[in-house]
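Heavy-atom basis, side chains included; hydrogens, waters and symmetry copies ignored. Position 1 is the first residue of the sequence, and the numbers go up from there.
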Amino acid sequence: MGKTSSLLEDLIEKAGGCAVVDGGFATQLEIHGATINDPLWSALCLIKDPDLIKRVHLEYLEAGADILVTSSYQATIPGFLSKGLSIEEGELLLERSVRLAVEARDKFWDITKRVPGHGYNRALVAASIGSYGAYLADGSEYSGCYGPDVNLDKLKDFHRRRLQVLVRSCPDLLAFETIPNKLEAQACVELLEEENVQIPSWICFSSVDGENAPSGESFKECLDIINKSKKVNAVGINCAPPHFLESLICKFKELTEKPIVVYPNSGEVWDGRAKRWLPSKCFGDDKFELYTTKWRDLGAKLIGGCCRTTPSTIRAISKVLKEMS
């Protein structure tokens, strides 16, 4: 798989065969009182409250996260421009998202490594790259319907500058998140190649039916593109309901040899148009404990949480995985 993958593979090995990804970022910001009902979502705190971002990263590290995902999911140059910021200011905020996570990781590790038998791994920082639909903030990352005007070149143009800035900021990993269709997966794969990115990356899809990508395209179509890439080191599912994961992990195991990463939401359903969470059956931390064992046994190599999960969810996942390793 090449030298870029070794960092991620080493972490998985150190973690006993399955590493812990952190949990819901915006959820935890809101628990601390941040108001982020905005097209920039959690990225708004990059402007308004960077100290809170660092605090949330530290809470996830304390809970046992082996990988911190940065606050850049909805941070885009066009998004910042729409707020009246300059391109340069937008780029500095993207760099800040990586720096805050790195500073939190280094601070936590400096303290932790002095404690005998502490049981933590030195975490890696994954720069989050949300889908085009996340930038649109219209729920289309859960439909994959970008319309007839959005082609491969447009998606590459949209992602390119953000990717360049995040790579320049020296994260350990890149995390493409909630990718809803084959076209955007292809755009990500081609961009990594064109920019000759040397940082390990993963691509995660969402799923609304538990069988296919949100666009309705089969995961076989999507993974055929990813499997050809040496630049993508892991693939999986994020922000899908947890009860979909057993069958999806089995499906992905048949379709790829790359490590599988899963970080579902709590099972609550987000209404992208009304911008609110709908009441639904959701997983508590006890259920995450139970299912983490199943997901790992089925072959997941990275497990964490997405929307509506918290540090206590990650603590539950971490506890189970450490007992199993």
Side-chain angles (χ1 to χ4, degrees), residues 7-8 10-11 14-15 19-32 34 36 40-76 79-80 90-113 120-130 134 162-178 197-202 204 233-234 238-239 261 263 302 304-307 309-311 313-315 317-318:
L7 197 64
L8 189 55
D10 287 352
L11 177 72
K14 264 188 216 144
V20 182
V21 183
D22 65 8
F25 204 83
T27 304
Q28 194 63 5
L29 292 173
E30 287 179 317
I31 285 169
H32 288 308
I36 52 175
L40 284 180
W41 203 37
S42 53
L44 195 63
C45 284
L46 284 168
I47 304 168
K48 294 192 161 182
D49 200 347
D51 286 345
L52 181 55
I53 287 177
K54 212 160 157 181
R55 177 179 172 184
V56 170
H57 284 318
L58 284 165
E59 287 170 342
Y60 277 118
L61 289 166
E62 284 160 6
D66 297 311
I67 295 175
L68 285 183
V69 181
T70 65
S71 51
S72 51
Y73 175 78
Q74 216 136 317
T76 64
F80 288 134
E91 291 182 1
L92 287 170
L93 288 168
L94 282 170
E95 289 173 7
R96 178 182 285 175
S97 71
V98 174
R99 191 176 68 248
L100 290 168
V102 168
E103 285 173 359
R105 185 267 313 276
D106 290 350
K107 178 182 176 182
F108 181 76
W109 188 242
D110 282 345
I111 295 164
T112 303
K113 68 184 179 188
Y120 289 98
N121 298 303
R122 182 177 180 273
L124 299 181
V125 169
S128 171
I129 299 169
R162 173 167 56 163
L163 178 69
Q164 289 169 343
V165 173
L166 289 171
V167 166
R168 189 177 74 203
S169 308
C170 298
D172 302 303
L173 311 166
L174 298 170
F176 294 92
E177 302 188 291
T178 60
V197 172
Q198 298 299 314
I199 297 170
S201 65
W202 74 57
C204 277
N233 307 99
N238 78 292
C239 216
V261 49
Y263 45 116
L302 297 143
C306 205
C307 296
T309 62
T310 66
T313 317
I314 300 309
R315 191 168 282 110
I317 291 170
S318 175

- Contacts of Arg162 that satisfy side chain to side chain donor-acceptor pair (under 3.5 Å) - sequence neighbours left out: His159
- Item | Residue list, side chain to side chain contact (heavy atoms under 4.5 Å, CB included) with Asp110, at least two apart or on another chain | Lys113, Arg114
- Message: List the residues meeting side chain to side chain contact (heavy atoms under 4.5 Å, CB included) with Ala134, not counting sequence neighbours, and say none if there are none.
- Response: Tyr73, Gln74, Ser131, Glu141
- Query: Under the side chain to side chain contact (heavy atoms under 4.5 Å, CB included) test, which residues partner Arg96, sequence neighbours left out?
  - Reply: Leu46, Pro50, Leu93, Arg99, Leu100
- If we only count heavy atoms from C-beta on, is the Val21 to Asn238 side-chain gap below 4.5 Å? no
- Task: Mind listing the closest non-hydrogen atom pair of Ala15 and Ala19 along with its distance?
- Result: CB-CA, 3.8 Å
- Message: Under the rule for salt bridge (Lys or Arg N to Asp or Glu O under 4.0 Å), what residues qualify as partners of Arg105, not counting sequence neighbours?
- Response: Asp172
- Note on the structure: Sequence neighbours excluded, the answer for side chain to side chain contact (heavy atoms under 4.5 Å, CB included) partners of Ala127 is Thr70, Val98, Leu166, Pro171, Leu174
- Query: Any side-chain heavy atom of Arg122 sitting closer than 4.5 Å to one from Asp106?
  - Reply: yes
- State, with a plain yes or no, whether a side-chain heavy atom of Val261 is found less than 4.5 Å away from one of Ile67. no
- Those residues that, when tested against Phe176, pass ring pair (Phe, Tyr, Trp, His ring centres under 6.0 Å) (two or more places apart): none
- With Leu173, the side chain to side chain contact (heavy atoms under 4.5 Å, CB included) member among Val69, Leu124, Val125: Leu124
- By salt bridge (Lys or Arg N to Asp or Glu O under 4.0 Å), Asp49 pairs with (sequence neighbours left out) none
- Going by the salt bridge (Lys or Arg N to Asp or Glu O under 4.0 Å) test, which pairs reach into residues 58-75, not counting sequence neighbours? Arg55-Glu59
- Looking at side-chain heavy atoms only, is the closest gap between Thr310 and Thr27 below 4.5 Å? yes
- Task: State which residues pass side chain to side chain donor-acceptor pair (under 3.5 Å) with Tyr263; sequence neighbours excluded, sorted by chain then number.
- Result: Glu177, Trp202
- What heavy-atom pair brings Ile36 and Cys45 nearest, and what distance separates the two atoms? CG2-SG, 4.1 Å
- Item | For Ser318, all residues meeting side chain to side chain donor-acceptor pair (under 3.5 Å), sequence neighbours excluded | Lys322
- Listed partners of Glu95 passing side chain to side chain donor-acceptor pair (under 3.5 Å), at least two apart: Arg168
- Message: Tell me if a side-chain donor or acceptor on Ser72 pairs with a main-chain N or O of Ser128 at a distance below 3.5 Å.
- Response: yes
